[in-house]
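For reference, the structure is listed below as structure tokens.
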Amino acid sequence: MAPSSPADSTTRDTALWLWPPDFVDCDITADLPDDCLAHIFQFLTAGDRKRCSLVSKRWLLVDGQNRHRLSLAAKAEILPFLPSIFTRFDSVTKLALRCDRNSFSLSDEAFAMVSTRCSNLTRVKLRGCREITDLGMESFARNCKSLKKLSCGSCDFGARGLNAVLEHCKVLEELSVKRIRGIHETAEAVKLHSSSSLRSICLKELVNGQVFESLVASRTLKKLRIIRCLGNWDKVLQVNGDGNSSLTEIHLERLQVSDFGLSAISKCRKLETLHIVKTPECSNSGLVCVVERCRLLRKLHIDGWRTKRIGDEGLMALSIHCLLLQELVLIGVDATHTSLSPIASNCKKLERLALCGSGAIGDVEMACIAEKCVALRKFCIKGCPITDVGIKALALGCPNLVKLKVKKCIVVTGDVREWLRERRRTLVVSMDGDETKGPVMVSEHGGRGLETVVEEVLTPVADGGGDAELAGGGGGGRLAMLKTKLLASKNFVAFTLRRWLQSEATGYVTFYVLEELVKQVHLRGLRGEHGGWIDFLAFCNQRALTPSSISMVSRDVLVAFLTTFKKKEDLKALQCRANSLLFEKLKQVTTENNTPEQMLIRLTMNHPEFSSDYSFPSLSNDWLVSDIGMKSSTVMKSTDMIAVDCEMVLREDGTEGLVRVGAVDRHGKVILDKFVKPAKPIVDYRTAITGLTAHDIEKATLTVVDIQRELQHYLSDGAFWLIDHPKVMDTALVFKFSNARNSRKPSLNDLYKEVRKEGVSHNCVHDAAASMNIALAFIKKPFDTTVTPSKEMLEAEKSRLFIHRIPSYVPSEKLNLVLAGEFHSTKFKLDVKPAKTQGGNYCALVVFDSSKEADQAFENVNGYKERDSFGLPQKLSSLKLNSGLSASCYVRKMV
């Protein structure tokens with residue numbers, strides 16, 4: 001080869017000068033056998049191998065005779081060159097023919113020529129070869145009878161061509177078919193011959209993939225993958241229902257398949273790997289059927305997608321029957337410690353676990369995994385509301401953990417990364433903000449790893465706090481300039497809690513939050529209107545400062561930098577991070593100089609359920625963003641209070657909607673009493689509770705945003721908020737029952753007997769005034785917030801049963817009839833509580849006339865009796881629906 005430059009020529013001449021004269025012109029590989037030379041070529045890249053073939057005629061010949069893989073651009077223009085190509089490469093056994101969509105591909109004639117010249121082909125891949133018809137496939141099949149693997153996509157031949165391949169290629173083991181236009185609605189069936197040795201089938205994006213039914217029924221079939229194919233697949237899967245199937249791996253993705261299809265799969269007793277991805281009709285019942293029979297299951301991937309019909313019930317069955325489980329991936333599945341704990345305890349061989357996009361997975365679930373999942377080696381969690389506490393627990397409790405991936409868990413901070421490096425030096429960690437790509441969690445057989453599966457399905461984080469909530473946004477503090485003092489839809493809360501303490505430490509707390517927020521932004525590489533943190537320092541003529549000297553910067557600079565972020569995703573990350581920082585920091589501030597108002601706020605904040613009740617999962621488009629700016633320090637010392645109560649109705653999508661708002665000030669003056677125009681259709685006005693009817697709402701013209709704007713005036717003075725339901729000074733969190741086993745929060749009626757008489761509906765103005773009176777009584781003379789239940793209250797609690805974790809597909813209007821069969825009684829009233837998230841589980845309260853009737857109904861429930869985390873007795877009951885499906889839920893006593 002000629003040198004490409006004078007420098008190359010000089011180098012070559014120098015190299016030749018170093019060799020003896022008699023050694024320069026000889027071939028040092030002349031004595032090397034052709035087989036050894038060919039073996040060396042196998043370790044070269046495609047480019048290097050091409051260059052080696054130009055060294056000499058011998059190398060050209062050896063390369064051609066030992067080239068077993070060949071990929072060609074299968075355009076029509078290649079036809080004249082085919083004889084010379086396959087004269088040189090006469091040992092090809094693996095051939096790929098690809099043609100782009102803008103060109104004409106090889107014809108039947110050319111494809112027949114290829115099959116004649118390469119009769120020993122064992123693997124063939126066809127992509128975009130639209131000019132090849134059934135006749136071409138028949139000719140190919142007759143000539144290439146040694147074919148073991150065929151993969152075809154975006155081609156025009158149909159069932160006739162595939163039948164010819166199955167007839168003549170007796171040793172065919174793998175068949176992959178994707179977007180074959182000839183497989184249309186009127187296509188003939190693809191038939192499998194009795195002597196076939198087919199082991200694997202992959203069907204993708206087919207209009208009428210059901211024509212492959214006979215192949216699915218093959219007794220030799222080991223792997224079955226059906227992805228994004230139209231039509232109902234229950235019937236096709238039922239052909240394996242005789243129990244003689246050899247299937248060990250099944251992958252179902254974006255299909256119309258229900259629990260009947262899963263029931264058919266359950267008869268594949270040798271099944272080891274199962275993927276159920278975005279199949280909305282599959283539920284717990286189908287999964288239970290599978291795991292009860294397929295006890296050799298080692299890998300299970302579930303993507304609950306939008307319906308989330310698979311949850312704790314199915315996973316608990318998994319923990320009982322599939323003790324050989326090694327890999328578990330749950331995406332969009334609301335698994336809790338109820339199911340994760342037995343999985344971690346019973347599945348001793350579980351080495352790889354991925355949990356993604358679930359609002360139900362928190363630090364409690366992480367603690368269960370850490371405590372009991374001893375064999376765990378690779379763990380991935382994405383889009384779940386965990387904190388640093390959960391990550392630390394995992395690292396301390398899993399001795400064999402080698403790889404950890406944490407993504408889009410916005411409450412997790414960067415500090416935990418340093419902590420992990422100190423405690424687990426050998427642990428490979430991948431988190432948001434890493435400059436390099438994190439490690440790929442690969443399965444033991446080299447297949448697609450957990451990371452690949454997780455990255456393909458970007459599931460949003462499920463709501464953890466129900467409907468969007470009405471939040472207060474006024475007041476002081478530098479963080480007001482972040483413009484994230486949000487107004488939501490049900491109750492009111494200040495975003496950053498900056499007005500909650502009036503001690504001198506508050507200034508330090510605010511600066512601490514600002515500093516940590518800027519650090520988080522810099523670590524993640526976020527960019528505002530003036531770029532990143534370094535760019536902003538240059539913009540403000542602060543070049544002398546380094547990125548690490550954030551603590552030396554004034555508050556004004558920190559605030560100014562944070563206000564340059566306008567994107568909602570950036571604001572979301574800042575909001576969640578600020579909430580987390582303030583919750584932890586304010587708890588550490590001394591309580592010596594707290595006013596009674598601040599004591600109430602601290603009692604609210606220290607409640608175990610405060611973090612979950614007060615977390616905002618997103619920045620909704622219809623939330624009002626307050627633009628008040630920085631306030632004077634007097635705002636921090638404000639003792640103004642406003643009490644707010646809302647009336648909620650049940651909407652068509654299963655969520656609650658705001659229809660009336662009442663608010664009173666500290667002096668009992670009504671400052672707001674308005675009806676709200678619902679944004680979505682209403683299905684239940686809850687007249688018995690709200691006292692509202694359709695007639696009351698039909699004339700409403702104000703929207704939630706209008707109400708927020710009216711209340712914004714009162715937020716500007718740093719007022720505290722008092723409400724019946726959670727936010728800020730929360731009477732339900734401030735007060736607690738003396739009975740530690742009572743999990744119910746005290747209602748306003750429990751605390752203030754004069755607020756409402758029996759049988760009288762709510763009035764949001766009266767309820768708001770009652771909340772204000774309770775707070776003022778405490779402020780005048782602080783008292784013990786422990787509530788001792790009266791005899792009447794205990795009797796009322798004993799006459800109730802709590803039904804929870806009811807699947808969303810169980811119609812609430814039919815629940816009364818279903819429960820009547822379980823309780824063997826119809827003498828009860830049912831109060832249904834909507835799901836916090838669309839498509840999530842909901843709950844209901846069953847009220848009987850007496851405690852005796854409630855006890856008898858509980859005993860009549862057929863289910864396994866256990867105790868919940870509060871020690872209260874409950875049963876896991878199976879409900880039979882008229883549709884033929886079954887659903888599971890828990891029936892629990894109240895005391």
Side-chain angles (χ1 to χ4, degrees), residues 306 308 359 460 462-473 486-493 613-625 643-663 672-712 721 723-727 730 732 747-748 761-768 806 808 810-813 815 830-845:
R306 299 173 180 174
K308 296 186 178 182
D463 287 346
D467 202 5
E469 299 195 304
L470 209 65
L486 305 175
L487 294 173
S489 71
K490 180 178 178 181
N491 298 319
F492 298 80
V493 64
D613 287 347
Y614 283 62
S615 61
F616 288 98
S618 64
L619 295 178
S620 176
N621 292 330
D622 59 353
W623 285 15
L624 178 64
V625 180
V644 179
D645 191 78
C646 306
E647 301 297 349
M648 313 296 292
V649 295
L650 182 62
R651 299 188 295 194
E652 187 178 48
D653 60 356
T655 60
E656 289 185 315
L658 177 70
V659 291
R660 187 182 180 185
V661 180
L672 183 70
D673 185 12
K674 299 287 186 180
F675 290 101
V676 182
K677 182 179 180 180
K680 299 177 182 179
I682 300 174
V683 295
D684 187 0
Y685 287 89
R686 297 174 175 171
T687 304
I689 300 175
T690 65
L692 302 178
T693 63
H695 178 73
D696 298 320
I697 310 299
E698 63 184 9
K699 296 182 180 180
T701 59
L702 298 177
T703 65
V704 174
V705 176
D706 296 330
I707 298 296
Q708 294 166 351
R709 290 197 178 103
E710 288 199 27
L711 288 167
Q712 188 177 12
W721 291 91
I723 47 177
D724 178 12
H725 293 285
K727 295 312 176 236
D730 182 357
S747 67
L748 187 60
S761 58
H762 288 216
N763 184 302
C764 58
V765 174
H766 295 167
D767 289 357
I806 308 173
S808 59
V810 178
S812 57
E813 61 272 12
L815 188 61
L830 191 65
D831 183 13
V832 176
K833 309 294 183 182
K836 290 185 177 181
T837 59
Q838 186 171 352
N841 294 337
Y842 66 97
C843 59
L845 192 66

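It should be emphasised that the depicted structure is a prediction, and the values quoted were computed from it without experimental measurement.
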task = Pick out which of V661, I697, L702 makes a side-chain contact (heavy atoms from CB on, under 4.5 Å) with V676.
result =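 Exactly one candidate clears the test, V661.
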Side-chain touch L658/M648, heavy atoms, less than 4.5 angstrom =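 L658 reaches M648 side chain to side chain.
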Considering all heavy atoms of both residues, which atom of [X] and which atom of [Y] are nearest to each other, and what is their separation?
| X | Y | result |
| --- | --- | --- |
| A768 | A643 | O-CB, 3.2 Å |
| V644 | A663 | CG2-CB, 3.9 Å |
| F675 | L692 | CE2-CD2, 3.6 Å |

message = Between R660 and D673, does any NZ, NE, NH1 or NH2 come within less than 4.0 Å of an OD or OE carboxylate oxygen?
response =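 Looking at D673 and R660, the cut-off is met.
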task = Check step by step if side chain to side chain contact (heavy atoms under 4.5 Å, CB included) holds for L672 and I707.
result = CA-CA 9 Å; L672 183 70; I707 298 296; 4.0 Å; yes
message = For C764, is there any backbone N or O sitting under 3.5 Å from a side-chain donor or acceptor partner on D767?
response =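 No; judged by distance alone, with no hydrogens or angles, the pair does not exist.
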